[in-house]
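In what follows, chains carry the letters A, B, and so on, assigned in the order in which the sequence lines appear, proteins first and then strands, with residues in each chain numbered from 1.
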Amino acid sequence: MSFENRTYTAEVTPGESATIAGWVHEVRDLGGIAFLIVRDKTGKLQVKIEKDEMDEELVESSLDVARESVVSFTGDVKEEPRAPTDVELVPEEFELVAPADTELPLDPSGKVDAELPTRLDNRTLDLRKPEVKAIFEIRAEVLRAAREYFRSEGCTEINTPKIVATGTEGGTELFPISYFGEEAFMNQSPQLFKQLMAGSGLERVFEIGPIFRAEEHNTPRHLNEATSIDFEGTFCDHEDAMDVVEGIVVAAYEAVSENCEEQLEALDMADAFEVPEGGFPRLTYEEALDRINATGELDERLVYGDDLSTEAERALGEEIGSHYFIMDWPSEIKPFYIKDYDDDAETSTGFDLMHPSMELVSGGQREHRYDPLVEGFEQQGLDPDEFEYYTKMFKYGMPPHAGWGLGAERLVMTMLGLGNIREAVLFPRDRQRLSP
RNA sequence: GCCCGGGUGGUGUAGUGGCCCAUCAUACGACCCUGUCACGGUCGUGACGCGGGUUCAAAUCCCGCCUCGGGCGCCA
């Protein structure tokens, strides 16, 4: 068995001999003639089996394969207007490379739908459907575009620990683990580490990596293990950080629009796909409240100091209809490590980037002054000593800096209009699912 | 964490007390078919999550368990 000369189905040349290898998508046996559709990464190719004119053993063995078996055919590629792709392969050799059971746990040909849990239990088969494969090819393109944009912004990619001794800000639930008998946790955010690295000589850093949240939520937009796209930059204020995230989001959409035509086609959204224009509206928290109240969608008017409920976010998203920022939040509803305005201690530099349907990003300018930072820990009821590894670096020249974290799955989900965030992760971790 | 709704052949479904030894599609098996492209045709195999209860009678009603999905809170 050798696949050195294997040709992808999309790359066969009429008039030449070729060896193709892939999965049996379907067998259509019409009696004297049969068609076998072979699928690979690039597409599908029809193999013609003429029973009277071909080697009996080849006919028999090739028509005996079950769907989704892996096969290889060698033969002449012929131009044929009656074939689905205008070419077909007339085989001389056949090999059953890896057989498949006849009963499949889901149908990759898409004739019968499967529910999400069934699909997630059988992801390998699920990704044989072009529209599912397309999601992950697009996800890869989004991450590639993000990396490229960060580099064009002079950022260095870093990797920080996911096993940590303490949480980031205390609030969210962490997954406890045992670290050689010592209590440890899965990190909920690279927040503290990326700040430490911005304050090193690297200055502008980014990280794309997993974050872990032990919240027992059960919604189509939450995961217990997610991928966070994080940025932190020195001598930046929150508005500079907003510029960067806006650039990333637009760059990701542009890259998908330019390089994933086939995938968008598979998702049936080639025509509907729109690259958002930059210059996302930047609403202050108070403007946001006013606009939400003006919609009349909520039973109760929001007042200053209220956090935005899911319902409120949706009403505002519908009203605005595009990505938008909410900034100038009341300090009390933003984390303590986000800096307040120097001339207004009641207002935080924290911001959120919203897609009309949900929150995508949260960020802000960080508190870089040692004393207010340590006070912040104390006010949160956290022991500053536990975070000494972090706070002490603020004693050795920590420049002003700002940054944000962007949920990669939410970016992909909102970009493609997926109904469930689990669609944007190969092997999602949620309240009910730990395997596969 | 609080609340709501589901679990029927491999897959997706119909069925809300007797019409159900359970519908349809697809898959699977057998046979027929020389241009299919969701190929077609004939026949066939295959299922009520688990345990208890109510009833003359339970897929259907009740209780418990298991399991899945969703809404809110919180967040990326």
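Judged by closest nucleotide on RNA chain B, A/Ile33 is the one of A/Thr85 and A/Ile33 placed further toward the 5' end. Residue whose closest nucleotide on RNA chain B sits further toward the 5' end, between A/Gln46 and A/Ala66: A/Ala66.
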Check: Tell me, what's RNA chain B's dot-bracket, Watson-Crick or G-U with both distances under 3.5 Å, | for other-strand, [ ] crossing?
Finding: (((((((..(((.....[.....))).(((((.......)))))....(((((..]....))))))))))))....

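Shown are A/Lys194, A/Arg366, A/Arg204; of these, the side chain to side chain contact (heavy atoms under 4.5 Å, CB included) with A/His401 is made only by A/Arg366.
Within the nucleic acid shown, A/Glu80 comes within 4.0 Å of at least one base atom, counting heavy atoms only. Residue-level contact check: A/Ala83 touches the bases, meaning some heavy atom is under 4.0 Å from a base atom. At the heavy-atom level, A/Lys51 lies nowhere under 4.0 Å from the strands shown. Using a 4.0 Å heavy-atom distance criterion, A/Ile211 is classed as making no nucleic acid contact. Looking at heavy-atom distances under 4.0 Å, A/Pro84 makes contact with a base.
A salt bridge does not link A/Arg314 to A/Glu318: none of the charged nitrogens lies less than 4.0 Å from a carboxylate oxygen. A/Asp107 and A/Arg67 are joined by a salt bridge, as a carboxylate oxygen and a charged side-chain nitrogen come within less than 4.0 angstrom of each other. A/Lys162 and A/Glu225 are not joined by a salt bridge, as no carboxylate oxygen comes within less than 4.0 angstrom of a charged side-chain nitrogen. The existence of a salt bridge linking A/Glu148 and A/Arg151 is excluded, since no basic side-chain nitrogen approaches an acidic carboxylate oxygen closer than 4.0 Å.
Nucleotides B/rU54 and B/rU16 have their P atoms positioned 25 Å apart, rounded to a whole Å. Taking atom P in both B/rC65 and B/rG1, one finds a spacing of 15 Å when rounded to whole Å.
Taking 4.0 angstrom as the limit, A/Ser362 places a side-chain polar atom (N or O) nearer than this to OP1 or OP2 of B/rA76. For A/Arg422, a side-chain nitrogen or oxygen approaches OP1 or OP2 of B/rG70 to under 4.0 Å. Remark: A/Arg431 is not in phosphate contact with B/rU67, judged by side-chain N or O atoms under 4.0 Å from OP1 or OP2. Within the structure, a side-chain polar atom (N or O) of A/Asn420 is placed less than 4.0 Å from OP1 or OP2 of B/rG70.
A/Ile421 has its CD1 atom 12 Å from the P atom of B/rA76, to the nearest Å. Note: CD (A/Gln432) to P (B/rG6) measures 17 Å, nearest angstrom. In this structure, the CD atom of A/Glu103 is 9 Å from the P atom of B/rU11, given to the nearest Å. What separates CD of A/Glu313 from P of B/rC72 is a distance of 10 Å, to the nearest Å.
The stretch residues 266-285 of chain A has no heavy atom under 4.0 angstrom from RNA chain B at all. Residues from residues 108-118 of chain A placing a heavy atom under 4.0 Å of any atom in RNA chain B, listed by number, are A/Lys111, A/Val112, A/Asp113, A/Ala114, A/Glu115, A/Pro117, A/Thr118.
Counting heavy-atom neighbours within 6.0 Å of A/Glu79 CD, excluding the residue itself, gives a total of 12 or less. The number of heavy atoms from other shown groups lying within 6.0 Å of CD (A/Glu261) does not exceed 12.
In the set B/rG71, B/rC75, B/rC74, the nucleotide with an atom closest to the side chain of A/Thr219 is B/rG71. Side-chain proximity of A/Arg213 to B/rA76, B/rG69, B/rC28: nearest is B/rA76. The side chain of A/Phe35 approaches B/rG35 more closely than any other nucleotide in the set B/rG35, B/rC74, B/rA76. Closest to the side chain of A/His217, from the set B/rG35, B/rG73, B/rC75, is B/rG73. Of the listed nucleotides (B/rC74, B/rG29, B/rG1), B/rC74 has the atom at the smallest distance from the side chain of A/Arg221. Residue A/Thr102 has its side chain nearest to B/rG29 when only B/rG29, B/rU34, B/rG69 are considered.
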Taking distance alone, no hydrogens or angles, what donor-acceptor pairs closer than 3.5 Å link side-chain atoms of residues 44-66 of chain A to residues at least two apart or in another chain?
residue : atom : partner : partner atom : Å
A/Gln46 : NE2  : A/Glu88 : OE1          : 3.0
A/Lys48 : NZ   : A/Glu50 : OE1          : 3.4
A/Lys51 : NZ   : A/Asp29 : OD1          : 2.8
A/Lys51 : NZ   : A/Asp29 : OD2          : 3.0
A/Lys51 : NZ   : A/Gly31 : O            : 2.5
A/Asp55 : OD2  : A/Glu57 : N            : 3.3
A/Asp55 : OD2  : A/Leu58 : N            : 3.0
A/Ser61 : OG   : A/Glu57 : O            : 2.7
A/Ser61 : OG   : A/Leu58 : O            : 3.4
A/Ser62 : OG   : A/Leu58 : O            : 2.7
A/Ser62 : OG   : A/Val59 : O            : 3.3

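Among pairs with a residue in residues 417-433 of chain A, those fulfilling side-chain hydrogen bond (donor to acceptor under 3.5 Å, both in side chains) read A/Arg119-A/Glu423, A/Asp121-A/Arg433, A/Glu216-A/Arg431, A/Asn420-A/Arg422, A/Arg422-A/Asp430, at least two apart in sequence or across chains.
Distance check: A/Met358 CE to A/Ile421 CD1 gives 6.5 Å after rounding to the nearest 0.5 Å.
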Each nucleotide N or O in nucleotides 40-47 of chain B that has a protein N or O under 3.5 Å away: list the pair and distance.
none

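Residue side chain A/Glu88 reaches the base of B/rG35 through a donor-acceptor N/O pair under 3.5 Å, judged by distance alone.
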